[in-house]
There are 2 protein chains.
Amino acid sequence: MGRAGLTPERLTLAGAELADEAGFEQVTLSALARRFDVKVASLYSHLKNSQELKTRIALFALEELADRVADAVAGRAGKDALTAFANAYRDYARAHPGRYDAARFRLDPQTAAASAGVRHAQMTRAILRGYDLAEPDQTHAVRMLGSVFHGYVSLETAGGFSHTNVASQESWAWTLDALDAALRTRATP
Amino acid sequence: MGRAGLTPERLTLAGAELADEAGFEQVTLSALARRFDVKVASLYSHLKNSQELKTRIALFALEELADRVADAVAGRAGKDALTAFANAYRDYARAHPGRYDAARFRLDPQTAAASAGVRHAQMTRAILRGYDLAEPDQTHAVRMLGSVFHGYVSLETAGGFSHTNVASQESWAWTLDALDAALRTRATP
DNA sequence: GCGATTTGCCTATATGGTTTAGGTGAACGC
DNA sequence: GCGTTCACCTAAACCATATAGGCAAATCGC
């Protein structure tokens, strides 16, 4: 009887793929075991429980998303950086809806603190350097940007924008314009 | 053996309460049956399956939220209406996190079309009457506002804003200011 | 009132996901 | 070769979902 070559990393990646194909809520140890043609109990040698699998997928997605965003904003500033950040974020959610969902998975505080979520906040602050915002305005702006990006892609992927014939892409561009303008007028002299 | 007096309505309300107490994902027929001290199978006389229970809770929450928002914006206009809308929305999510989650439950298109979701869109458009936006700007603005409100309360209830000592309430007010300003500068002459 | 029917909840059972305990065989260290 | 470790196994308990079928209380026709 050959070995399937299970490792936490391979299980995490397969779980991420499964999430994109069938939705994050369909990520179960049973489904994962089927995918590797192995019995469910075998997975417990590599994962503490199903919670750990989901947490690992979440952390993996956060890293991957942070990498893409970092790549997109490198060498850009101002509205250019804002747009690159926002598009990288939205593109990731559209290309990997299951992983994006996973990135929203509730992590316990210490896991969250050690996650790439911190990089996300840092990159958002980096974007805002082009807008000359002093504290606490900068924190307010970080929260507003995070809210718009997350809210938009959540509603979009949930199909919320498909009932009118105005293209979502245009609303996205319009929203980024409005955000850029709002941030510029709030620059502290 | 006395009767428990089960009806779809009472089960839906109890499910909503359960969602607020333990989280929407903890809403199961088993938990509901325990709450009424009946056997799980008995619930199937009143509900087709667990999917229907969740759908009913979602529709209930959408109605309730729409009622609160309608009440809040009545007789207001401009920034006053925007603030009232936004606060009613956020207050509901904070007071009833499980129901708010339920309102985000994926409905099939025809159920969604018959739901209070339609009222939400109408009310958002009503808010924008004070800002003189022509189409397609109005649709863009509806989407942006929906994204900010949903995104903000999602991140806030997920604990995303609890790691800095800047009060979330201040960021919320700042964000509403910024949105109001952005909408005013986009008014079509 | 009394029989027939409907209603409300029941038991029993099947399916499938999670988790733990304990076992086996193949590979590897020496 | 011998023992240990590792990767995967069987078995079994627990819980949620769902269906089938039964019984008794409530309700309706007369």
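Numbered from 1 within each chain, the chains take letters A, B, ... in sequence-line order.
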Report yes or no: does S42(A) contribute a side-chain atom to a donor-acceptor pair with the main-chain N or O of V38(A) at less than 3.5 Å?
no
Angle between terminal axes - the helix from dG1(C)-dC30(D) to dC30(C)-dG1(D), 5 pairs each end, rounded to 10°:
10°
Between R143(A) and S171(B), a side-chain donor and acceptor under 3.5 Å
yes
Is there a donor-acceptor contact under 3.5 Å linking the side chains of Q169(B) and R90(B)?
yes
How long is the gap from CG on L145(B) to CG on L183(B), to the nearest 0.5 Å?
5.5 Å
So, using salt bridge (charged side-chain N to carboxylate O under 4.0 Å, His left out) as the criterion, who are the partners of K54(B) when residues are at least two apart?
none
Strand-adjacent residues in residues 11-20 of chain A, judged by heavy atoms under 4.0 Å from DNA chain C:
none
Please list, by residue number, the residues of residues 96-108 of chain A whose heavy atoms come closer than 4.0 Å to an atom of DNA chain C; answer none if no residue qualifies.
none
Gap between atoms [atom1] and [atom2], on [X] and [N] respectively (whole Å):
X: E25(A); N: dG17(C); atom1: CD; atom2: P; value: 14 Å
X: K39(B); N: dT7(C); atom1: NZ; atom2: C1'; value: 20 Å
X: Q26(A); N: dT18(C); atom1: CD; atom2: P; value: 11 Å
X: L43(B); N: dC9(C); atom1: CG; atom2: P; value: 9 Å
X: L32(A); N: dG17(C); atom1: CG; atom2: P; value: 12 Å

Taking only residues two or more places apart in sequence or in another chain, which ones pass side-chain hydrogen bond (donor to acceptor under 3.5 Å, both in side chains) with R68(B)?
none
Considering residues at least two apart in sequence or located in another chain, which fulfil the side-chain hydrogen bond (donor to acceptor under 3.5 Å, both in side chains) criterion with R119(A)?
E63(A), D67(A)
If you restrict it to nitrogen or oxygen atoms, what contacts under 3.5 Å exist between nucleotides 15-18 of chain D and the protein, and what is each distance?
unit_1  : atom_1 : unit_2 : atom_2 : d
dA16(D) : OP1    : R34(B) : NH2    : 3.4
dA16(D) : OP2    : R34(B) : NH1    : 3.3
dA16(D) : O5'    : S30(B) : OG     : 3.4
dT17(D) : OP2    : L29(B) : N      : 2.9
dT17(D) : OP2    : S30(B) : N      : 3.1
dT17(D) : OP2    : S30(B) : OG     : 3.4
dA18(D) : OP2    : Y44(B) : OH     : 3.2
dA18(D) : OP2    : S50(B) : N      : 2.9
dA18(D) : OP2    : S50(B) : OG     : 3.3

Under the rule for ring-ring contact (aromatic ring centres under 6.0 Å, His included), what residues qualify as partners of F105(B), not counting sequence neighbours?
F24(B)
Which other residues belong to the hydrophobic cluster containing F60(B), where Ile, Leu, Val, Met, Phe, Trp and Tyr are joined when side-chain heavy atoms lie under 4.5 Å apart, directly or via other members?
L13(B)
So, is H46(B) close to the dC9(C) phosphate, meaning a side-chain N or O under 4.0 Å from OP1 or OP2?
yes
Contacts of type side chain to side chain contact (heavy atoms under 4.5 Å, CB included), residue Q26(A), not counting sequence neighbours
A22(A)
With sequence neighbours excluded, what pairs up with S30(A) under the side chain to side chain contact (heavy atoms under 4.5 Å, CB included) test?
T28(A), R34(A), V40(A)
Ring pair (Phe, Tyr, Trp, His ring centres under 6.0 Å) pairs, two or more places apart, involving residues 118-147 of chain B:
W174(A)-H140(B)
Centroid-centroid distance, Y92(A) to H96(A), less than 6.0 Å
yes
